[in-house]
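Accompanying notes for the structure given below.
Since we're looking at a predicted model, the values are computed, not measured.
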Amino acid sequence: MTKDFKQLDVYIKTRELLDDVFKLIKTLPKIEQFNLHDQLNRSSSSIFFNLSEGLGRNHSKDKIQFLYIARSFAFETISQLELCLDRNNFNQLEFEKLTNKLNDILKMINGLIGYLKNCR
């Protein structure tokens, strides 16, 4: 898994999510620049970075720990997107597109966690 982790669907989808979130961030009102802008950037990036770091670890226990962290940042990102929706920073369709992608990522992360737990 370590050598070809960049070919995993979860890795690819998370990179795509980062692009989508970046596009959204650019459309946020100036008043949100130092609040939601930064938080969304950090949380979505943290999904990607923790996923990558976890997949690069040698031991299943370490991999699982980083996958749990990536998963928690996915939940954080969803809550930030809900706040954007509540503040009318984008429409329901855009919200659903991003949260559907996040839910797919969460399912894949959970699948990896389950797989790694069974391999111990």
Side-chain angles (χ1 to χ4, degrees):
M1 182 185 298
T2 304
K3 290 185 180 182
D4 62 349
F5 75 94
K6 292 194 281 185
Q7 313 227 328
L8 292 174
D9 287 343
V10 67
Y11 182 86
I12 293 166
K13 272 229 190 262
T14 305
R15 282 188 71 187
E16 291 171 1
L17 174 74
L18 280 175
D19 288 339
D20 293 342
V21 169
F22 183 73
K23 289 174 190 168
L24 169 68
I25 286 171
K26 290 185 347 186
T27 68
L28 291 176
K30 196 122 178 113
I31 196 167
E32 300 290 5
Q33 186 172 4
F34 298 108
N35 187 14
L36 278 173
H37 178 283
D38 288 342
Q39 289 291 0
L40 267 169
N41 187 44
R42 283 187 213 147
S43 66
S44 60
S45 296
S46 292
I47 300 166
F48 183 67
F49 297 144
N50 281 286
L51 173 70
S52 300
E53 185 166 354
L55 294 173
R57 294 292 174 136
N58 288 327
H59 301 287
S60 292
K61 187 177 179 183
D62 292 336
K63 288 180 191 295
I64 291 168
Q65 181 60 32
F66 279 95
L67 291 173
Y68 278 136
I69 294 168
R71 189 173 74 175
S72 69
F73 279 110
F75 286 119
E76 181 179 338
T77 302
I78 290 171
S79 67
Q80 292 162 355
L81 291 172
E82 287 175 343
L83 189 56
C84 284
L85 183 65
D86 293 346
R87 293 181 178 177
N88 297 315
N89 290 324
F90 61 96
N91 63 42
Q92 184 71 31
L93 186 61
E94 292 170 308
F95 171 77
E96 288 174 10
K97 177 185 163 202
L98 289 169
T99 54
N100 286 342
K101 192 170 281 192
L102 276 158
N103 285 326
D104 288 345
I105 289 167
L106 282 165
K107 286 176 189 172
M108 288 185 261
I109 290 172
N110 286 333
L112 276 172
I113 291 169
Y115 171 79
L116 291 167
K117 282 183 172 182
N118 289 330
C119 289
R120 286 197 221 174

Of all the heavy-atom pairs spanning Leu93 and Asn91, show the shortest one and how long it is.
N-OD1, 3.0 Å
CD1-CG distance between Ile31 and Leu36, expressed to the nearest 0.5 angstrom:
10.5 Å
Phe5 with Ile113, same ILVMFWY side-chain cluster at under 4.5 Å:
yes
Applying ring pair (Phe, Tyr, Trp, His ring centres under 6.0 Å) as the test, list every pair that has at least one member in residues 54-82; sequence neighbours left out.
none
So which pairs with a foot in residues 66-77 pass salt bridge (Lys or Arg N to Asp or Glu O under 4.0 Å), sequence neighbours left out?
none
Which side chain to side chain donor-acceptor pair (under 3.5 Å) pairs, counting each pair once, include a residue from residues 95-108, with sequence neighbours left out?
Asp20-Lys101, Gln92-Glu96
Working to the nearest 0.5 angstrom, can you tell me the gap between Leu28 CG and Cys84 SG?
5.0 Å
Quick one: pull up CZ in Arg15 and OG in Ser44 and give me the separation to the nearest 0.5 Å.
13.5 Å
Under 3.5 Å: donor-acceptor pair, side chain of Gln65, backbone of Asp62
no
Can you list every salt bridge (Lys or Arg N to Asp or Glu O under 4.0 Å) pair that touches residues 39-54, not counting sequence neighbours?
Glu53-Arg57
Would you give the length of the straight line joining atom NZ of Lys63 to atom CG of Leu51, rounded to the nearest 0.5 angstrom?
10.5 Å
Is there a side-chain contact between Thr27 and Asn89, using heavy atoms and a 4.5 Å cut-off?
no
What's the separation between atom CG in Asn35 and atom NE2 in His37, rounded to the nearest 0.5 Å?
11.5 Å
Using every non-hydrogen atom in the two residues, find where Leu81 and Leu40 come nearest and quote the distance to one decimal.
CD2-CD2, 3.9 Å
Taking only residues two or more places apart in sequence, or in another chain, which ones meet Glu32 in a salt bridge (Lys or Arg N to Asp or Glu O under 4.0 Å)?
Arg87
Where is the tightest heavy-atom contact between Ala74 and Leu106, given as atom of each residue plus distance?
CB-CD2, 3.6 Å
Distance (rounded to the nearest 0.5 Å) between Ile78 CD1 and Leu83 CG:
14.0 Å
By ring pair (Phe, Tyr, Trp, His ring centres under 6.0 Å), which residues pair with Phe48, not counting sequence neighbours?
Tyr11
Linking I/L/V/M/F/W/Y whenever any side-chain heavy atoms sit under 4.5 Å apart, do Tyr115 and Ile69 land together?
yes
Which atom pair, heavy atoms only, marks the closest approach of Ile47 to Ala70?
O-CB, 3.6 Å
Show your reasoning for whether side-chain contact (heavy atoms from CB on, under 4.5 Å) applies to Val21 and Asn41.
CA-CA 7 Å; Val21 169; Asn41 187 44; 6.0 Å; no
